[in-house]
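Note sheet for the following structure.
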2 protein chains.
Amino acid sequence: MNFKESHTLILNNVARFIDLTELEKRKFISLLAEIKVKKKAYLMQAGEIAQYEYFIAKGCLKVYTLDKDGATHISMFAIEDYWTGDMASFMTKEPTRYFIKATENSELLGVSRANYDLLFQEIPKFERFYRILYQRSLISYIRRSNHGISLDAVERYIAFKKKYPKIVNRITQKDLAGYIGITPEFMSKIISKVNRM
Amino acid sequence: MNFKESHTLILNNVARFIDLTELEKRKFISLLAEIKVKKKAYLMQAGEIAQYEYFIAKGCLKVYTLDKDGATHISMFAIEDYWTGDMASFMTKEPTRYFIKATENSELLGVSRANYDLLFQEIPKFERFYRILYQRSLISYIRRSNHGISLDAVERYIAFKKKYPKIVNRITQKDLAGYIGITPEFMSKIISKVNRM
DNA sequence: TAAAAGTCTTAAACTAGTTCATTTTTTTTC
DNA sequence: GAAAAAAAATGAACTAGTTTAAGACTTTTA
């Protein structure tokens with residue numbers, strides 16, 4: 001029996017770190033919620049408690065906070081084969097400060113808090129999967145905040161294009177500015193400058 | 001039988017998350033290396049592979065990287081009762097990009113890579129201890145990089161004084177500038193401005 | 001397919017923070 | 001406790017990025 005496309009994707013993602021039997025695969029799939037969000041809809045809003053950890057099967061979303069002046073700071077863009085959510089809120093059940101908004105119609109697979117605990121009981125291998133996933137997140141998080149340091153906005157823009165070529169063409173210049181940490185006006189100047197080079 | 005001061009300190013630190021029997025305490029202590037560093041000496045330098053995770057029993061150290069222009073970016077100050085090191089290098093055995101330098105004569109307890117693995121074998125409770133320690137590190141790390149956003153240098157300085165009153169008086173203005181992310185000259189201006197307020 | 005809403009561009013005036021250079025003060029070292 | 005080294009203060013000239021404002025272009029919606 002075959003799996004539907006989104007399930008094949010998530011199984012391949014998991015297979016990077018652990019091997020599952022056919023039975024375990026079925027069990028895992030049975031614990032996932034299928035979630036669709038239309039472009040411009042929110043998956044999460046500040047003040048809520050994160051109910052799911054999300055795997056993106058299709059689409060694109062932006063994860064961001066609003067600062068005290070109401071400016072948008074984008075912390076990640078999530079596309080196919082990425083995991084997203086707010087782990088801190090998901091674990092501690094404190095309200096999140098994040099917004100997650102779809103920038104395209106998107107299809108996600110969600111692991112609820114209850115099923116997350118159940119998953120470890122039923123298939124202990126997943127302890128390993130999430131340990132590796134989180135450890136890698138931590139390392140890349142530290143690396144990123146260390147790397148961006150001392151680069152000016154042009155260098156950060158060029159580095160982003162190089163590191164995420166698949167994402168650049170799917171997001172607006174304004175959102176890219178929100179990720180890079182500059183105003184949309186300055187982003188516009190940078191782009192016309194870089195293209196002239 | 002009593003423990004020496006540094007051992008009492010680390011046992012109390014561990015007791016925040018797990019309970020150990022007398023026997024387990026002895027075993028744990030036996031796996032720790034005692035390390036002393038003089039003021040201005042390095043505990044770690046970029047290019048090396050991190051050999052230990054460190055618990056600070058006494059003293060003060062700064063953890064920093066040098067950027068491409070040779071400027072110092074301090075990522076943390078570690079004082080008594082803190083853990084420090086470079087977890088990424090310690091785990092992956094890749095060379096670190098960090099320097100750790102004592103700003104006072106310091107006494108540390110170190111868990112070596114070999115003893116770290118042994119610790120989990122001998123006292124599985126420590127899986128839980130480190131899971132919680134790392135999870136908290138990740139959450140506070142994300143929170144910190146999110147919080148600093150949109151604050152100007154004066155606000156970041158005031159926030160630092162409020163959050164780490166014990167540390168402010170033990171470090172130089174120059175090092176504080178390296179943590180806050182500004183030049184020592186501008187730090188000097190900020191301080192005279194804030195004191196005049 | 002017209003109107004509305006959002007995005008992008010351009011430009012001038014501005015500001016937070018840097019750079020460089022010099023002097024004073026504090027700390028370290030022998 | 002004198003000499004050397006490092007840290008702190010101050011000021012003037014500079015720069016990367018912001019702000020504000022207005023018009024052109026694109027996308028969404030009804």
Side-chain angles (χ1 to χ4, degrees), chain A residues 37-42 59-60 62 64 66-74 77 99 101-106 148-161 168-197, chain B residues 37-41 59-60 62 64 67-74 77 101-106 148-161 167-197:
Chain A
V37 259
K38 286 253 163 90
K39 182 168 180 171
K40 291 191 183 175
Y42 290 94
C60 184
K62 58 183 174 186
Y64 65 94
L66 296 180
D67 69 25
K68 60 177 170 48
D69 307 318
T72 298
H73 297 268
I74 296 180
F77 298 104
F99 296 83
K101 192 174 184 178
T103 63
E104 299 174 3
N105 293 334
S106 303
I149 236 159
S150 91
L151 298 184
D152 68 18
V154 172
E155 292 168 318
R156 266 152 32 227
Y157 167 63
I158 291 169
F160 183 90
K161 280 215 298 189
V168 184
N169 316 303
R170 290 171 74 170
I171 59 176
T172 62
Q173 243 170 258
K174 193 186 173 194
D175 280 344
L176 183 48
Y179 180 90
I180 296 274
I182 56 174
T183 57
E185 291 87 347
F186 194 54
M187 184 86 250
S188 173
K189 271 180 210 165
I190 280 175
I191 287 178
S192 73
K193 186 182 164 188
V194 170
N195 289 343
R196 262 185 281 113
M197 293 197 315
Chain B
V37 259
K38 286 254 164 90
K39 183 168 178 168
K40 290 191 183 175
C60 184
K62 58 183 173 187
Y64 64 94
D67 70 24
K68 60 179 170 45
D69 308 318
T72 296
H73 296 267
I74 296 181
F77 298 104
K101 191 174 184 178
T103 64
E104 299 174 3
N105 293 334
S106 303
I149 237 160
S150 90
L151 298 182
D152 67 19
V154 172
E155 293 169 317
R156 266 153 30 228
Y157 167 63
I158 291 169
F160 184 89
K161 280 215 298 189
I167 296 181
V168 183
N169 316 302
R170 291 171 75 170
I171 59 176
T172 61
Q173 241 170 259
K174 195 185 171 196
D175 280 344
L176 183 48
Y179 180 89
I180 298 275
I182 56 175
T183 58
E185 291 89 342
F186 194 55
M187 183 87 250
S188 171
K189 275 173 207 169
I190 280 176
I191 287 177
S192 73
K193 186 182 164 188
V194 170
N195 288 343
R196 264 184 280 113
M197 294 199 312

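Throughout, protein chains are lettered first and strands after them, A, B, ... in sequence-line order, and every chain is numbered starting at 1. Atom set for the values below is all heavy atoms of this structure, side chains included, hydrogens, waters and symmetry mates excluded.
- For B:Ala153, whose side chain is taken as the heavy atoms from C-beta onward, the closest listed nucleotide among C:dT19, D:dA8, C:dG17 is C:dG17.
- Side-chain proximity of B:Lys189 to the nucleotides D:dG17, C:dA16, C:dT18 is greatest for C:dT18.
- Atom NZ of A:Lys62 is separated from atom C1' of C:dT7 by 12 Å (rounded to the nearest Å).
- For C:dT7, neither phosphate oxygen OP1 nor OP2 lies less than 4.0 angstrom from any side-chain nitrogen or oxygen of A:Thr172.
- The distance between atom CZ of A:Phe186 and atom P of C:dA11, rounded to the nearest whole Å, is 15 Å.
- Side-chain N/O atoms of B:Lys39 include one lying less than 4.0 angstrom from OP1 or OP2 on C:dT28.
- Within 6.0 Å of the NZ atom in A:Lys38, the count of heavy atoms belonging to other residues, nucleotides or ligands does not exceed 12.
- Of the candidates C:dT19, C:dG17, C:dT28, the closest approach to any side-chain atom of B:Lys40 belongs to C:dT28.
- Nearest to the side chain of B:Glu185, among D:dG17, D:dT10, C:dA16, sits D:dT10.
- For A:Tyr157, the ring pair (Phe, Tyr, Trp, His ring centres under 6.0 Å) test picks out no residue, with sequence neighbours left out.
- If you take NZ of B:Lys193 and P of D:dA8, they are 20 Å apart, rounded to a whole angstrom.
- In this structure, the side chains of A:Ile74 and A:Ile171 stay at 4.5 Å or more apart for every pair of heavy atoms.
- Comparing B:Leu151 and A:Pro184 by the nucleotide of DNA chain C whose heavy atom lies nearest to each, the residue mapping closer to the 5' end is A:Pro184.
- A parallel orientation is assigned to the rings of A:Phe99 and A:Tyr64, their planes being inclined by less than 30° (bins at 30° and 60°).
- If you measure from atom NZ of B:Lys174 to atom C1' of D:dA9, you get 15 Å, rounded to the nearest angstrom.
- Qualifying side chain to side chain donor-acceptor pair (under 3.5 Å) partners for B:Asp67, counting only residues two or more places apart in sequence or in other chains: B:His73.
- Atom CG in A:Asp69 sits roughly 12 Å away from atom C1' in D:dT18 (whole-Å rounding).
- For D:dG17, the OP1/OP2 oxygens have no side-chain nitrogen or oxygen of A:Thr183 closer than 4.0 Å.
- Nearest-nucleotide positions on DNA chain C place A:Met187 closer to the 5' end than the other of A:Met187 and B:Asp152.
- Contact check, A:Ser188 against C:dT9: a side-chain N or O comes under 4.0 Å of OP1 or OP2.
- For the pair A:Ile191 CD1 and D:dG17 P, the computed distance is 14 Å after rounding to whole Å.
- Between B:Gln173 and C:dT26, a side-chain N or O to OP1/OP2 separation shorter than 4.0 Å is absent.
- What separates CD1 of B:Ile190 from C1' of C:dT15 is a distance of 14 Å, to the nearest Å.
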